[in-house]
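When reading the values below, keep in mind they use all heavy atoms of this one structure, side chains included, and skip hydrogens, waters and symmetry mates. The sequence lines fix the lettering, A, B, ..., with proteins before strands; numbering per chain opens at 1. Predicted, not measured: the structure shown is a model, and the values here were computed from it.
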Amino acid sequence: MPTEFTPVSALIGGALIGLAATTLYAALGRIAGISGLLNQALEQTAERGWRVAFLLSLIAGAALWFVFGIDVPAPRRDFPLPWLIVAGLLVGFGTRLGNGCTSGHGICGLARLSKRSLVAVASFMACGAATVFVLRHLIGGIA
Amino acid sequence: MKRIASASAAGLLFGLGLAISGMTNPDKVLNFLDVAGSWDPSLAVVMGAALAISVPGFAWLRRRGRSFSGAALPEPPSARLDARLLAGSALFGIGWGIAGYCPGPALANLAQGSGEAVLFVVALLAGSQLARWAGPRNE
């Protein structure tokens with residue numbers, strides 16, 4: 001489904017994400033990488049508390065906007081479930097193997113001037129774009 | 001307690017930012033990746049705005065040397081590229097391009113009671129465990 005370019009909300013939301021990552025780094029010296037935080041929150045016993053707090057607060061922060069925000073679109077419902085499961089498995093497997101996702105490599109890794117993160121971002125952006133190209137323009141959609 | 005409070009504040013800002021920016025909408029993400037079709041550059045603006053804060057913020061903290069809790073900052077990132085990193089981020093990109101969810105927005109969508117997001121997060125956790133047990137080891 002086409003969506004409109006929304007530069008103002010993108011700027012505001014993006015700045016908040018950058019502020020959030022900087023806050024966690026400043027306060028705790030930790031990287032706000034969601035895939036890593038999720039794994040560690042579920043698997044470690046030491047230092048679990050702040051990770052769980054961060055993740056639950058992330059959901060609460062989004063909930064605030066979903067309830068009080070403007071122009072909040074309804075959640076997508078018609079996506080084919082087998083593809084959703086395949087996508088989830090790949091994202092879980094890939095982020096564990098590659099040690100990070102859009103937040104850890106994209107927002108924090110690049111801010112740390114990490115060459116590994118730069119390569120990771122280039123790789124997942126290129127593979128994501130290639131996947132969309134194949135699914136939408138060569139196969140003609142999966143829905 | 002202070003650490004919990006700081007982490008909660010950071011998480012709240014993060015989730016709010018994801019939702020305000022529209023990145024919780026998987027169609028917006030897929031359209032960003034659809035450069036040959038219905039391209040929506042919003043995600044690039046989100047990343048640019050986030051980096052405009054985090055790059056100088058992180059640089060300032062590096063010069064300062066320590067976090068405010070007194071905890072050391074993480075070691076400088078390694079520059080070594082390996083097959084794990086390349087394969088992992090490629091597989092992540094493919095999964096991202098299929099459904100339009102990366103881990104943060106998928107979690108944020110739980111707040112909207114999205115059944116899709118619940119299923120996606122369960123599959124994500126399963127994929128992560130698969131890589132933990134069956135994937136190549138860290139050297």
Nearest non-hydrogen partners of [X] and [Y], listed with the distance:
X: B:S38; Y: A:R136; value: OG-NH1, 3.6 Å
X: B:L86; Y: A:S123; value: O-OG, 3.7 Å
X: B:K28; Y: A:E4; value: NZ-O, 2.6 Å
X: A:C101; Y: A:T95; value: CB-CG2, 3.6 Å
X: B:L73; Y: B:S67; value: CD2-N, 4.0 Å
X: B:Q112; Y: A:P75; value: NE2-CD, 3.6 Å

Could you tell me which portion of [X] (side chain, backbone, both or neither) has an atom closer than 4.5 angstrom to a non-hydrogen atom of chain B?
X: A:L37; answer: neither
X: A:F133; answer: side chain
X: A:F5; answer: both
X: A:L55; answer: side chain
X: A:A74; answer: backbone
X: A:I70; answer: neither
X: A:I85; answer: both

Which residue out of [options] racks up the most heavy-atom pairs below 4.5 Å with chain A?
options: B:M47, B:R64, B:R66; answer: B:M47
options: B:P41, B:P105, B:G104, B:A44; answer: B:P41
options: B:P26, B:S6, B:A50; answer: B:A50
options: B:S78, B:A72, B:G57; answer: B:S78
options: B:I4, B:V45, B:I94; answer: B:I94
options: B:S8, B:S114, B:A71; answer: B:S8

Ignoring hydrogens and angles, tell me if any N or O in the side chain of [X] forms a donor-acceptor pair with the backbone of [Y] under 3.5 Å.
X: A:R116; Y: B:A79; answer: no
X: A:T131; Y: A:C127; answer: yes
X: B:N31; Y: A:M1; answer: yes
X: B:S21; Y: A:G14; answer: no

Testing the 3.5 Å rule here: is there a donor-acceptor pair between the side chains of A:N99 and A:H105?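 No.
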When you check the side-chain N and O atoms of A:R51 and A:N39, is any donor under 3.5 Å from an acceptor?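 Result is no, nothing qualifies.
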Counting heavy-atom pairs under 4.5 Å with chain B, which one of [options] comes out on top?
options: A:L24, A:D71, A:V86, A:V67; answer: A:L24
options: A:A87, A:A53, A:G29; answer: A:A87
options: A:G69, A:G49, A:G94; answer: A:G94
options: A:S117, A:A63, A:A27; answer: A:A27
options: A:G18, A:G98, A:S57; answer: A:S57
options: A:V134, A:L84, A:T23, A:I59; answer: A:L84

Proximal component of [X], with respect to chain A [non-hydrogen, under 4.5 Å]:
X: B:L61; answer: side chain
X: B:A52; answer: neither
X: B:N25; answer: side chain
X: B:L85; answer: both
X: B:T24; answer: side chain

Step through the shown structure and confirm whether more than 12 heavy atoms of other residues, nucleotides or ligands are within 6.0 Å of CD on A:E47.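 More than 12 heavy atoms, drawn from other residues, nucleotides or ligands, come within 6.0 Å of this atom.
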Within the 4.5 Å heavy-atom criterion, are A:L38 and B:L125 side-chain neighbours or not?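 The answer is yes, as the side chains (C-beta and beyond) meet within the 4.5 Å cut-off.
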